[in-house]
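These notes concern the structure reproduced below.
In the text below, chain A, chain B and the rest are named by the order of the sequence lines, each starting its count at 1.
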Amino acid sequence: MEFILTKYHYWIYIVLMMIGFYAMIGKRNLVKKIVGMNIFQTAIILYFISTGAKRGATIPIVEHGQGGAMHAIHAVHYVNPLPHVLMLTAIVVMVSTFGVALALIIMLYRRYKTLEEDEILELRK
Amino acid sequence: MTTSPFPILIIVVPLISAFLVPVIGWWRKGLCYPLVIGALSLSVFSSIFILRMVMGQGTIHYYLGNWAPPWGIEYVIDHLNAFVAIIVSVISLIIAIGSKRNVEQELPEKIVYFYCLFLLHVTGLLGIVVTGDMFNLYVFLEIASLAGYALIAIGEDGAPFASFNYMIYGTIGACFYLLSVGYLYVVTGSLNMGDLSQILPDLYHSKVVLMAFAFFIVGVGLKMALFPLHVWLPDAYTYAPSAVTALVAPLMTKVGAYVMIRIVFTVFKPYFSLELIPATAILSWVAIVAILFGCILALGQTDLKRMLAYVLIAEVGYITLGVGLANRAGLTGAILHILNDALMMAGLFLVVGAIVYKGGLRNIHQLRWLHRKMPITMAAFTVTALSVIGIPPTCGFFSKWYLVLGAINANRWLFAAILLISSLLNAILFFRVIENVYFEPARYAHNGGIHEETSRDEAPLSMLIPILVVAAGILSLGILSGEIVSNIIRFAVPGDL
Amino acid sequence: MISHLEDVIVQTVGRILIPFIQVYGLYVITHGHHSPGGGFQGGVILGASFILLCVAYDINEAKRRMTEKVDTVFCSLGLIIYSGIGVICLVLGGSYLNYSKLYRILPVNPIDARSMGILGIEIGVGITVMAVMISIFLDLASRGEHEEGLE
Amino acid sequence: MKLLALLAVCATGVLLIYGTVDMPDWGDPHAPASIHVSPRYIEKAMEETAVPNMVTSVLADYRGYDTLGETAVIFTAAMACILLIRRRRK
Amino acid sequence: MEVVPSIRPLLAIAVSALAAFLILLTGERRRNMRELWTILASLTKFSIVASMIPTLLAGKVIECTIISLSPGIALQFRVDAFGIFFATLASVLWIATSIYSIGYMRGLKAHAQTRYFFCFAFALNGALGVAFAGNLLTLFIFYEILTIATFPLVAHKETPEAIRGGRKYLAYLLTGAALVFFSMGLTYHLTGTLDFVGGGFLRGHGSNSILRLLFATFILGFGTKAALMPIHEWLPTAMVAPTPVSALLHAVAVVKAGVFCVLRVVLYVFGPQLLSDLNLWLILAYFAAFTVIVSGMLALAQDNLKRRLAFSTINNLAIIIMGAALLSPSAITGGIFHIAGHGFMKITLFFVAGAISVKTHKENVSELDGIGRMMPLTMGSFAIGAMGIAGTPPLVGFISKWYLCLGSLEAKEIVFLFVLLTSALLDIAYFFPIIYRSFFNRPKEQGNSGFNEASMLMVIPLTVCAIISIILGIAPDAFFHFFQVATLAAKSILGIG
């Protein structure tokens, strides 16, 4: 019980990832594939952010700005900033991939007038 | 910690030039190409300089932003990186020169953005090679991949779809990689390769680390088109523009192989990959299947480019086999084969580019007369083909030699047999083409060797010189391989093997 | 192609809102030191203001304000600022992106020089992100045929 | 095909969940991630970079090179879109 | 045995490579120029080789190390008695063949003559490399060069059957090469070195079973080229090649190189001692004896002159190998000496066949009635060559056979004595009818009887070869000290004196 309560969040992310993963390799519609891609990446981002969490800690910004240096700062009071940083990067990467994917889809639509993988394969023959 | 700027120049020069290309492109289109060449040759120069530094004073650490690892990002350059970095920069320079005419012919009004992405792709590959930080590697992997998707998509009909599949698989690979980085991060709290290799040995029995390793292999395997995960490769490389294929085919898979070697032997110690889990055994079996699969499917192709794509899958199998054998000789063979295969693929695809540029057809049954039309190109092609088959003294023979030695040392005689069989299959493959190129129909025999049919129409010099350079490299590196092994690769192979 | 709809309300509201959005975007960029935010977030907000312009009026209106050429130049400009700062650090004898060396050319101590450097690159990032967002939006929304307006 | 995909997905998911067994609990302040590298960011960021927002300081300074990379990534995306679908002006 | 460092071996090899490229550059336009290069190269090559003989006779060894190919293996030329023997033979016969092939090719107005002469020069390059190689890897490199350079010669006519012959040739030889490759790797794995040592260096390494396997793979590998019986099939098929090529293939370069390699392996890698420990010598000897008898019988059945000669070649090669396998001093001497003797006699025979086909376009034995009256010189030399092969005194064949018989007596293996005698009878049986027909039968169709020789460019070489084979029969040490060198080699192998 204790085990489940402390680990279940990981499983939620993994289930999300798998939904996305299935959409990427299972669905035949290109847009659905891309949506799956986003779900996958978002789940990974959730996972990373969760690794930075600490009970009873606040956002990683020193209170009352410049004065913050005056009194000591303890690591336990602030959540781990590193995952946030990494995920900012990952989000940008995700957005960029998404943009390129949409561009490709527009190209494909221009050429084949459809976005169903099967129909495209038909037309390619 | 070194303060010499060369480690960073390898990356920054092409990167900044990539940013400059669109600006200059708006102003003077003609300046883009010289800019690309200049940037690439600068990074060639600095990577050569780095290699000499490494050979002089051992591994180089470069702290970006002067933050000591594991807090900051560091560049760690040992013999392996320096070696691969030189391969990447030199090959990309050669390709940039050799494919100029192809670009002008195939994508006339997209030159500016093409060269921008070309540079970004090369930058990404170089960044992957020299970095010492897991997440930084991911970022540059994405730069390289995005540029790659776009470059492939502008090819002939069918390219966008192939590129879309490539993007789906590539993204899955990248996601798995990122996920494994996360798995390692959650149990170690570090992203730095050196730091990880310090921390991990205590955690080798943790399930998290095991899964992380597994997904690293899958992710990297997707990027380097290792056998079951190769599905995206043939279409993508067949339909891409010749210039792009010539750039991506030699480099992307090799860099993937480099990342695999890094992870299996540096981040994780051989102790983990060899003793704790049968990773290397599995890898070598997969590699064997890949080799046979690639060679046999290549036999079925008539499109020269597609055939070479399948050959490439087999070549990736060779490198993986070297990794999987996990002994000195095998890994030496793998690292040497990274160089040789990059050269051979560059040569072959440059030749294909030249044929296409001269309006030739890519179907291997329509190559007849080509040895009269473009004799020099075809001579270079023959040399390269012999090297792929593994005929001494070309360089392809020597990497096979080390691989066979490795297989015998590991008492895997079956693998040695398969290696030899595969080189026989390659022989069938390429002599089929060579016969078509050189031998004429019987009706022309015995007429004094005078043929009016085809006049000589050799590829332009800007293509010929790179092709010849590659061919000469293949011949000379074969003889020099002993030197390369004893001076560079010997140190690149981890000591505890 | 579809003619852009002449809706007075949307256009007026857009015209009023856009300056505020842009100011807010600048605020987010520059105030990234003390509050959540920074180059990406601010850049996206700035980009969004232009996108609102495109939606409210039409694409040519937006391109009158910022042509493709300027847009592309901005894309590069931000990154050139960013990597340029790194190169300056290199020239000043530090390692790449070691902002503390900037104190030699800025009237501050090395610690604050880092803060300055961070501000500089945030601005660079902001510019690039804005320009990229606009460019991608225009390309995707108009399928690359800019003349024919949005769909 | 779909069945194969489903199997692959389930296998992956099971493996991933198997991996999570050894992971630290949620929000555990003594998780390796919270005690190995990050404390320095939290405690030293202020006096080392004079930026109270640690995320910004890590993003732009400690790991500033990543940020350069990611900016390059979206730049790549923009160039890719232009290369792929922008048409010549007649 | 003192070692003389010298660059002459390298020069001797490089000459023909250089010539090959000069030929390529000269091209079809200025054919006299091109042929001049061939002649010059062959003369230079011979003089360089001849200049090394005195040093050898003084009991010294010439060595020339170029570069290290792989840890413990160098690209090294080491000229010992055995090597110089083969080298002399090859370079002498190249002179004859090149003069002859000029006449032949011009007589037939063959196409692609540049390619022909280019490959010819390159094949010689390979042959000399094989002769001078100081270790297995160097040997293998030149062995492969020889194989590849001969492929275009075999398929030169470019008729479908020629191409088929070429394919078969490649298939057999590359498979053999793969086996050699494997055995080489195994040898290196066992001993850590590949340098030839008179008397072998494998002794005391590895278990007997492994050594037996190694021997089998080696013999099968090199045996393909030496056309041992079960794997001889490519040789008769390769008869589609132009006659000078067949002459070169059978008398000198390819098959002799194969025999040379087999002897190298038997005597310099395994060594008599080890072979007699493992009782492999007897197996090999019986193997060879079987080949001798069967090929002799098959030769009887052939009607096509060149095919008949081909089988007689197989027969004689087997005799040589048998001599080496007997491991007794006289047998080895005889075997080695037979390499030269058979070389001269067989090349005469092939030249004759070529001359006939150029002159009268007759290929089959049954058509040769009365040809002797038409071309007495040619058929006279044919008679000499045939007698020599049959081993009638005072011809060179007699000497070698005599020593072989002595050897089989020394080895106390009377069986092989009978084998030799039978083969001699068979030789007479399949050669005599030809001589009889050509001289004593009346030609079927009248008219073209009367003196009508082929062009002098062809007649002179073949008569010269015939005369040489007489002289060598009377004075085995004439000109080239063949006999002395052979005994020297035998002694050095068996470690006597």
Side-chain angles (χ1 to χ4, degrees), chain A residues 3 5-11 14-15 17-19 21-22 24-28 50-57 59-66 68-69 72-86 88-90 92-93 95-100 102-104 106-107 110, chain D residues 1-6 8-10 12-14 16-17 19-21 23-31 33-35 37-47 50-60 62-63 66-67 69-71 73-78 80-85:
Chain A
F3 176 72
L5 281 180
T6 52
K7 298 283 194 302
Y8 69 96
H9 62 290
Y10 292 123
W11 304 342
I14 289 170
V15 169
M17 282 178 210
M18 288 310 114
I19 292 169
F21 188 30
Y22 178 74
M24 285 175 88
I25 63 177
K27 294 288 177 194
R28 312 297 291 163
S50 78
T51 60
K54 290 179 198 170
R55 275 219 175 64
I59 60 165
I61 299 176
V62 182
E63 292 103 340
H64 29 77
Q66 295 290 5
I73 308 167
H74 292 300
V76 285
H77 297 148
Y78 299 94
V79 299
N80 178 355
L82 189 51
H84 300 73
V85 173
L86 301 183
L88 270 172
T89 311
V92 173
V93 168
V95 170
S96 321
T97 321
F98 193 53
V100 177
L102 287 176
L104 278 172
I106 289 175
M107 279 183 89
R110 261 192 208 149
Chain D
M1 181 58 213
K2 280 189 187 288
L3 184 65
L4 196 66
L6 197 58
V9 168
C10 294
T12 323
V14 170
L16 285 171
I17 290 178
T20 60
V21 172
M23 284 190 181
D25 301 346
W26 185 85
D28 171 11
H30 303 298
S34 312
I35 56 174
V37 173
S38 56
R40 165 159 178 186
Y41 296 141
I42 298 171
E43 286 157 9
K44 295 280 190 317
M46 192 62 205
E47 66 232 44
V51 174
N53 183 347
M54 299 153 198
V55 175
T56 305
S57 64
V58 176
L59 181 80
Y62 290 93
R63 301 188 65 87
D66 270 351
T67 313
E70 88 191 83
T71 321
V73 169
I74 58 170
F75 177 76
T76 315
C81 288
I82 296 175
L83 179 71
L84 290 181
I85 56 179

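One finds the CZ atom of F21(A) at 9.5 Å from the CG atom of L16(D) (value rounded to the nearest 0.5 Å).
Put simply, the side chain of L88(A) reaches to within 4.5 Å of the side chain of L59(D), judged on heavy atoms. Residues K2(D) and Y22(A) are in side-chain contact: their nearest non-hydrogen atoms beyond the backbone lie under 4.5 Å apart. When side chains are defined from C-beta on, D28(D) does not count as touching R55(A), because their heavy atoms never get closer than 4.5 Å. Counting only heavy atoms from C-beta outward, the side chains of I42(D) and H77(A) never approach each other to under 4.5 Å. Between R63(D) and L86(A) the shortest side-chain heavy-atom distance falls below 4.5 Å.
Contacts of T67(D) with chain A are absent, with no heavy-atom separation under 4.5 Å from either backbone or side chain. Neither the backbone nor the side chain of L102(A) comes within contact range of chain D, judged by heavy atoms closer than 4.5 Å. The contact between I25(A) and chain D is made by backbone and side chain atoms together, counting heavy-atom distances below 4.5 Å. When heavy atoms are compared at a cutoff of 4.5 Å, V79(A) approaches chain D solely by way of its backbone atoms N, CA, C and O. Proximity to chain A is absent for every atom of A31(D), based on heavy atoms less than 4.5 angstrom apart.
The candidate with the highest count of non-hydrogen atom pairs below 4.5 Å against chain A, out of G13(D), A78(D), S57(D), is G13(D). Contact count against chain D (heavy-atom pairs under 4.5 Å) is highest for P60(A) among G26(A), P81(A), P60(A). Contact count against chain D (heavy-atom pairs under 4.5 Å) is highest for I61(A) among I61(A), V15(A), L104(A). Across L82(A), I59(A), T89(A), L5(A), the residue that shares the most heavy-atom pairs under 4.5 angstrom with chain D is T89(A).
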Exercise for the section: Determine, stepwise, if the pair V21(D) / K7(A) fulfils side chain to side chain contact (heavy atoms under 4.5 Å, CB included). Expected result: CA-CA 8 Å; V21(D) 172; K7(A) 298 283 194 302; 6.0 Å; no
Practice task
Run the numbers on T51(A) and M23(D) for side chain to side chain contact (heavy atoms under 4.5 Å, CB included), then give the verdict.
Solution key: CA-CA 10 Å; T51(A) 60; M23(D) 284 190 181; over 6 Å; no
Practice task
Would you please test R110(A) and I85(D) for side chain to side chain contact (heavy atoms under 4.5 Å, CB included) and show each step?
Solution key: CA-CA 10 Å; R110(A) 261 192 208 149; I85(D) 56 179; 3.8 Å; yes
Practice task
Assess whether side chain to side chain contact (heavy atoms under 4.5 Å, CB included) is satisfied between V62(A) and M54(D), documenting all intermediate values.
Solution key: CA-CA 8 Å; V62(A) 182; M54(D) 299 153 198; 3.8 Å; yes
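Of the N and O atoms on the side chains of W26(D) and S50(A), not one donor lies less than 3.5 Å from an acceptor on the other residue.
Side chain of K54(A) to backbone of P29(D): no donor-acceptor contact under 3.5 angstrom is found. For E70(D) (side chain) and V92(A) (main-chain N/O), no donor-acceptor pair under 3.5 Å exists by modelled atom type.
Of all non-hydrogen atoms in A77(D) and V100(A), the two that sit nearest each other are CA-CG2, 4.0 Å. Across every non-hydrogen atom of C81(D) and G99(A), the tightest pair is SG-O, 3.9 Å. Taking every heavy atom of both residues into account, V55(D) and V85(A) meet most closely at O-CG2, 3.7 Å.
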